[in-house]
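Have a look at the structure below, then the notes.
Quick caveat, the model's predicted, so the values are computed rather than measured.
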Amino acid sequence: MAALAKINAMRKKMGNTPVAGAKRKAPDAAGAAKKKVKAAAKKGGAAAKPARPLEGLDWMLGYEKETFVKEHWEKQGLHVKRGDKGYYGKLLPGLGSVEALWERMEKGEVAPSRINMFRCRDGSTKETPEPAPQTWQEIKALFEQGWSMQWLQPQHEDDHLAKLVAVLESHFGSLVGVNAYLTPPNAQGLAPHYDDVEVFVMQLSGEKKWSLHKSTAQTPLPAEQQTLPRFTSCDLQLDLLEKAYMTPTLHSGDLLYFPRGTIHWAPSVGTVPSIHLTVSTYQRNCMYEVVQKVFEETMAMLWNEELYLRKGIPMGMTALGGDAAPAQKAVAKCLRSVHEVVTQQPPLVKLGVDQIAGDFVACRHPPLFHAPPGGAEVPEMIKPEDKVVLPDPSVLALAELPPEAEDEGPMFSLLHCVNNARATHMMGKAPDAAPKDGAEEGEEEDEEEE
């Protein structure tokens, strides 16, 4: 465990460095800004502060993220009424119109396989076109017939969005996916459902009326046990939903947040298409993952120390009517041992957290590069007397390595995301080879966020 102590010391030092883009609005804001906050509060919305896009979550919300985390994160929905139609469009000018997507597709920048299409005419049943469109002209024709479009991971093409995703992943310490939804006037794309991700909706143009529900009316589970699910739901029938607790209409520049497990559906309203981005995060990123990693490490240790774990299952136990009592005793004994080991050896928990950090770094968006004006000299090798400044510690992770010999000192591997590919972020592999229905890791929520 000597390596763990060294790793912990290094990570502690890294943790004291500021995360890139984490500046926040000064508490002594101008009086005019304070008046705007009060006026927005009277109207039932949250006020916006001056746009600073690479502040990430602060910019996306429009106010301090600490307040958001305390009052809304994993708890309840939030509608930020912006009153500024160009708030998001100023950063993302290439994503706010249907024509911009047609132009990208005509140039071959966005493959037809990156577009999913669906519609929901009765409010409860999602349809997909058969056969699926193969060209951008076929996609355009279906859109004009009332089919909604889902553009998978547009950060691959849009530089501004890619920067925002990189900053958000540093803020969250979790993968961040983005999908663009383009819906014809007075149409609905998806049926009611809930997701296994935290969802932020940024309305770029047009309007959409959302309905958020806490639970279904017919379920054996009480509402409080339907929160923060691990998996996405199937499509749900409208007549089975509890009354909506929020019914916000999003206008250009508005933001909507809702926690994973929130049942939602959203038809467009008005005479122009609706375009919004869904930013999703925290998929499989809960304490369950930490417990699972630590349990696996502890069980590996106990396997080497406890003979009863290595003994075979008694003959006849797995037969129909077999006696499982011996296994029950072994499981109870093992769980007591796990509790004892974890209590006595806290570094095991840190080892599990480090493994999760390593998984994140291996899959996250490549980082933003920081250099002083005029550039920076990159040495061929870092010497012990050199000082290294790490503006964003989340781009690195440390992994303990088993020693190759008993007399060797602690060893560890430094993991980084510099060589991660932007073109495959959240897609699993190259975009042209990605399955249309989103079966790859990181896409499980792709068809379920609208």
Separation of [Y] [atom2] from [X] [atom1] (nearest 0.5 Å):
X    : Y    : atom1 : atom2 : result
E144 : L142 : CD    : CG    : 9.5 Å
Q355 : E289 : CD    : CD    : 12.5 Å
S97  : I275 : OG    : CD1   : 6.0 Å
L91  : L161 : CG    : CG    : 7.5 Å
L92  : L204 : CG    : CG    : 6.5 Å
N116 : Y181 : CG    : OH    : 8.5 Å

Minimum-distance pair of heavy atoms, taken over all atoms of D195 and P229: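 Looking at all heavy atoms of both residues, the closest pair is O-CG, 3.8 Å.
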Can you see which heavy atom on P192 is nearest to which on S124, and at what distance?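 Closest heavy-atom pair between P192 and S124: CD-CA, 4.1 Å.
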Any [X] side-chain heavy atom under 4.5 Å of [Y] side chain:
X    : Y    : result
L255 : M60  : yes
P184 : N186 : no
I263 : L212 : no
Y282 : W73  : yes
Q137 : I139 : no
E198 : L228 : yes
L95  : P154 : yes
W210 : F258 : yes

Listed by chain and number, what are the side chain to side chain contact (heavy atoms under 4.5 Å, CB included) partners of [X], not counting sequence neighbours?
X    : value
L335 : F295, V331
C120 : D122, Q188, A191
E340 : Q344
S252 : K85, S205

Residue pairs fulfilling salt bridge (charged side-chain N to carboxylate O under 4.0 Å, His left out) with at least one residue in residues 97-108, sequence neighbours excluded: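 Qualifying pairs, neighbours excluded: E103-K107, R104-E109, R104-D158.
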Residue pairs, two or more places apart or on separate chains, that pass salt bridge (charged side-chain N to carboxylate O under 4.0 Å, His left out) and touch residues 412-428: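 Non-adjacent pairs meeting salt bridge (charged side-chain N to carboxylate O under 4.0 Å, His left out): D159-R422.
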Any donor-acceptor N/O pair, [X] side chain to [Y] backbone, under 3.5 Å:
X    : Y    : answer
Q345 : T343 : no
R119 : G189 : no
H156 : A423 : yes
N179 : Q153 : yes
S170 : S394 : no
H72  : G77  : yes
R82  : D254 : no
D58  : E64  : no
T278 : V201 : no
K65  : G56  : no

Could you walk me through whether N420 and H365 pass the side-chain hydrogen bond (donor to acceptor under 3.5 Å, both in side chains) test, one step at a time? CA-CA 7 Å; N420 290 3; H365 197 281; over 6 Å; no
Quick one: list whatever passes ring pair (Phe, Tyr, Trp, His ring centres under 6.0 Å) with F68, sequence neighbours left out.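 Expected list: F200, Y257.
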Residues in side-chain hydrogen bond (donor to acceptor under 3.5 Å, both in side chains) with [X], at least two apart?
X    : result
K140 : none
Q203 : S274
Q237 : none
H425 : Q155, E169

Apply the test side chain to side chain contact (heavy atoms under 4.5 Å, CB included) to residues V294 and L351: give CA-CA distance (whole Å), side-chain angles for both, the deciding distance (0.1 Å), then the verdict. CA-CA 7 Å; V294 175; L351 182 60; over 6 Å; no
For T183 and K208, test the side chains for any donor-to-acceptor distance below 3.5 angstrom and give the result as yes or no.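 Yes, a side-chain donor-acceptor pair sits under 3.5 Å.
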Please check if any side-chain donor atom of W265 sits under 3.5 Å from a side-chain acceptor atom of H213, or the reverse.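 Note: W265 and H213 side chains meet the donor-acceptor criterion.
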After noting the C-alpha distance and the side-chain angles of H193 and K126, does the key distance pass the side chain to side chain contact (heavy atoms under 4.5 Å, CB included) rule? CA-CA 11 Å; H193 65 279; K126 181 182 72 177; over 6 Å; no
With sequence neighbours excluded, what pairs up with E207 under the salt bridge (charged side-chain N to carboxylate O under 4.0 Å, His left out) test?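 If we apply the salt bridge (charged side-chain N to carboxylate O under 4.0 Å, His left out) test to E207, skipping adjacent residues, there are no hits.
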Step by step, would you call V338 with M299 a side chain to side chain contact (heavy atoms under 4.5 Å, CB included)? CA-CA 7 Å; V338 169; M299 286 299 298; 4.1 Å; yes
With the threshold set at 4.0 Å, does a side-chain nitrogen-carboxylate oxygen contact exist between K350 and E297?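 Not counted as a salt bridge, because no side-chain N and carboxylate O are separated by less than 4.0 Å.
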Note: D359-K293 ion pair, threshold 4.0 Å (strictly below):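 A salt bridge is present here (some side-chain N lies under 4.0 Å from a carboxylate O).
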Begin with the C-alpha distance, continue with both residues' side-chain angles, and end with the deciding distance and a verdict on side chain to side chain contact (heavy atoms under 4.5 Å, CB included) for L101 and M149. CA-CA 11 Å; L101 176 58; M149 293 188 294; 3.9 Å; yes
Aromatic contact between Y88 and W59, with the criterion being ring centroids under 6.0 Å apart: yes or no?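 Yes.
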Evaluate salt bridge (charged side-chain N to carboxylate O under 4.0 Å, His left out) for K214 paired with E242, printing each intermediate quantity in order. CA-CA 7 Å; K214 292 185 177 180; E242 292 280 6; over 6 Å; no
